Amino acid sequence: MTGKYDFVSIEEKWQRHWAESRMYYIDEDDPRPKFYDLCMYPYPSGDLHMGHVRNYTLGDVLCRYKTMRGFAVLSPMGWDSFGLPAENAAIKTGIHPATYSRERIESMKSQIRRLGAVYDWRREVSSFDPAYYKWTQWLFLKFFESGLAYRDTAPVNWCPSCQTVLANEQVQGEDGVCERCGTAVTKRDLEQWFFAITRYAQQLIDDLEDLQWPERVKTMQLNWIGRSQGCEFDLEIPGSSEVIRVYTTRPDTVFGVTYAVLAPEHPLVGPLVAGTSAEADVARFVEEVRSATEVERLSTQRSLDKRGIDTGRTVVNPANGREIPLYIADYVLMTYGTGAIMAVPAHDERDFEFAKLHGLPIEVVIAAGGWSGENLEEAFTGPGTMVNSGEFDGLSSDEGKVAVTEWFESRGIGAAKTNFRLRDWLISRQRYWGCPIPIVYCDGCGTVPVPEADLPVLLPEEGVEFKPTGESPLADNEGFLSTHCPTCGGRARRETDTMDTFVDSSWYFLRYCDSQNQDEIFERAKVDHWMPVDQYIGGVEHAILHLLYARFFTKVIADMGLVGVREPFSRLFTQGMVRKDGQKMSKSLGNVATPTEYFVSHGADALRLYNLFVGPPSDDFDWNDRGVEGMLRFIQRLWRIANGEVAELVERDEDEADLEILREAHRTLEKFTADIEGFAYNTAAAAAMEFLNSLYQWAQRDQAPPRRATFEAIMSIFLPMLAPMIPHVTAEIWERLGFDGDVHSCPWPSVDPDLVRRDRVVMVVQVKGKVRDRIEVDSDISEDAMRDLALASEKVREELGGLEPTRVIARPPKLVNVVP
RNA sequence: GCGAGAGUGGCGGAAUUGGCAGACGCGCCGGCCUUAGGAGCCGGUGCCUUCGGGCGUGGGGGUUCGAAUCCCCCCUCUCGCACCA
């Protein structure tokens, strides 16, 4: 074998081979056990970045490894191709989003190919393709039929820069800013489409348990859904037939309620103050709160300046019958619970703060251990014993919660209640580049779903003004807007909002199973064959957005009887971020390392290996050019020794050194395999490097030139072992050495247990925990023999200075510790 | 504030049923080869040292024959959530 390691042409050659041989195209009738390996499909920005490289390298190593292990691996790829960047580019450059997206998809696809990642490209999906979004719309109709898609007016998050509404999940950070552009989000009352994800809140919690996901992601979802258990009950209003229903998690503190609070948006605010002296002040206060941005409203929380106003009305504490004042305050949210609370200053920090500020009474009803009737310096929020609570005195908080709830139930004024922090998913977007919502509004028939036969509702490609106006650009397109009512045939207009792109990505993994199906969303048998995804790989930034929505969709689709699984992703792996100079890579910081440069300067194999070697895949890492160079060095060392440039191979009998290097090869394989199974690619690669170093020692030793048979035996396991990580160079060497077939078609090499076993090991001799000697011993040495050897050691005798050891601890065969 | 995770050489990182700290790579130092070396090969590289050894895993205590690893207190950093009653 001769020739220079020309990685550019070698990599191109094998990439062509994988494409033409279709060896990673896979079908349901494949007799091998299935493995669904999936990377989160990318937004086609046009340029592959290092985060993609990391993601797809991890996915590709797994695909190739599992294939060698005898699985039929389904590994598809596609495009999350609706969304704002394409539309923003259109606003700037005038290029149509569809044209823009198609170009970028082609560009990214070729870059992914140059990474050496292999996919079943027949299954490619693209969310902006009508053949795909037809079925997104179809799902919307199914949701609508079952009442899971509904329209409602609600105060919603509005991004003034993107000129669209946002889901709660898309409002981030302590200031409440837009996930995309970082602009402070405001509130608006708009009629919008929602998906009723809250109906699945409990299931989304329950089914989390069995998933093999990072604990941290599970915890984030659990916190986001935010289940709490408590009690709802009515407060009577003297002089009114209305009652105010409140929610609390602390019914045990109900005797300490000294006032009640309504959210400013609460529907009873107006009626209760109408015609009273407080009416004008209350109206002014409510207006002030409502016009405030989220930032302003939150900033008042910071200072704990709880803004509120007395309504002049009262309510009755149902526990003790006392009349207490009714306030309106902006620390009570209309969107949680009932939008009204009972306030217990003694046992709630916020109520305590508010009571202090407004001079309201603070009455202790839960006694902490050691409390003897003094006033509180701060709210006591822990559990304790009920006091000043009539017949309930002496009960613990836990007992009290149950007892008070039952008491309210028996009086018909309340009941136990579970609440969730999670709110329904707002999916309307006032933008063009998204999936049209298949709904028609008819003056006579109202809100009418577009019949299935009329799908897809196509996005018009002509005559659209993209400039954001706060209304969907589709509203200006007469050809799109005006239509006929599917029910009565009369004039009607279309819904002009489009769907959140997270809707598109909530089911793409199902479509991959049967992506070319023209007649139905997918064939159930095919989906049931491949699902669930056995390994899902992607960034942790999707921990609550995409991953929660996809779980919700899967459950709904299962309830429709379309699939058998209720959870889409059995195992999840979240990779760390790639940084540079301690910061996030970004164009504005000018610290972007571009993959395409490295395909030319170091090769895809070196780039892949660097990503795998640099640290645990779940950790962030800092990009370092020197590191990639080291990987190229390793690959070139492999190339040279295989190429016969290090030493010439000879035919000769096997000696002890030959046997030893073969043993080491098997030990390396054993460790490498275990590491790869545990996603510990960094230590797997390190073991391979260590072995190559030994191989160089063996090949260059003075005693004898390298033996051909040994070398070939080693390469026949070393090359397949490395094939998933550095697929091009291993394929090329395999071919050049004249081995049979393709290295990627090899079964995973097996470890020879006889070669791995060690007969002799180095025993460490410690005195008082410090290493004093090392002695080579048989690996099946007994404790007694170890003890005798240790005590006979010169070094140990010196250290003991003639004293008898008090204790000798032997841990065969590796360690013995002598205690003087 | 609440929740989760992390702190190991000049750098990235190894080592977890408690058992040789620093594998592997980068960088650095030296040697060989060479007309030359920003190539390659070989060797060295935690700190201190009177060359015997001593000290070392954010800091302080503890358990243990033995602790990077387990327990307690403290410090620092990262991520997520943040009036959810």
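None of these values were measured; they are calculated from a predicted model. Each chain gets a letter, A, B and so on, in the order its sequence line appears, and its residues count up from 1. All heavy atoms count here, side chains included; hydrogens, waters and symmetry mates do not.
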How far does the C1' atom of B:rC33 sit from the matching atom of B:rC42, given to the nearest Å?
11 Å
Give one of base, sugar-phosphate or nothing for [X], where a contact means two heavy atoms less than 4.0 Å apart.
{"X": "A:Gly630", "result": "sugar-phosphate"}
{"X": "A:Lys770", "result": "sugar-phosphate"}
{"X": "A:Arg701", "result": "nothing"}
{"X": "A:Met631", "result": "sugar-phosphate"}

For [N], take OP1 and OP2 only and decide whether either is under 4.0 Å from a side-chain N or O of [X].
{"X": "A:Arg421", "N": "B:rA82", "value": "yes"}
{"X": "A:Arg807", "N": "B:rC65", "value": "yes"}
{"X": "A:Arg216", "N": "B:rG5", "value": "no"}
{"X": "A:Thr219", "N": "B:rG80", "value": "no"}

Heteroatom pairs (N/O) under 3.5 angstrom, protein to nucleotides 37-44 of chain B:
{"unit_1": "B:rG40", "atom_1": "O3'", "unit_2": "A:Arg640", "atom_2": "NH2", "d": "2.9"}
{"unit_1": "B:rC41", "atom_1": "OP1", "unit_2": "A:Arg637", "atom_2": "NH1", "d": "2.9"}
{"unit_1": "B:rC41", "atom_1": "OP1", "unit_2": "A:Arg640", "atom_2": "NH2", "d": "3.1"}
{"unit_1": "B:rC41", "atom_1": "O3'", "unit_2": "A:Gln700", "atom_2": "NE2", "d": "3.1"}
{"unit_1": "B:rC42", "atom_1": "OP1", "unit_2": "A:Gln700", "atom_2": "NE2", "d": "3.0"}
{"unit_1": "B:rG43", "atom_1": "OP1", "unit_2": "A:Gln697", "atom_2": "NE2", "d": "3.3"}
{"unit_1": "B:rG43", "atom_1": "OP2", "unit_2": "A:Gln697", "atom_2": "NE2", "d": "3.3"}

In this structure, which stretches of RNA chain B are paired as stems of three or more consecutive Watson-Crick or G-U pairs, both distances less than 3.5 Å?
B:1-7 with B:75-81, B:10-12 with B:24-26, B:27-32 with B:40-45, B:46-48 with B:53-55, B:58-62 with B:70-74
For atom CG of A:Asp625 and atom P of B:rG27, their distance in whole Å
11 Å
Can you tabulate the close N/O pairs, meaning under 3.5 Å, that link protein atoms to atoms of nucleotides 9-13 of chain B?
{"unit_1": "B:rG12", "atom_1": "O2'", "unit_2": "A:Val614", "atom_2": "O", "d": "3.0"}

Could you pull out the closest heavy-atom pair between A:Ile544 and A:Gln221, with the gap in Å?
CG2-CA, 3.9 Å
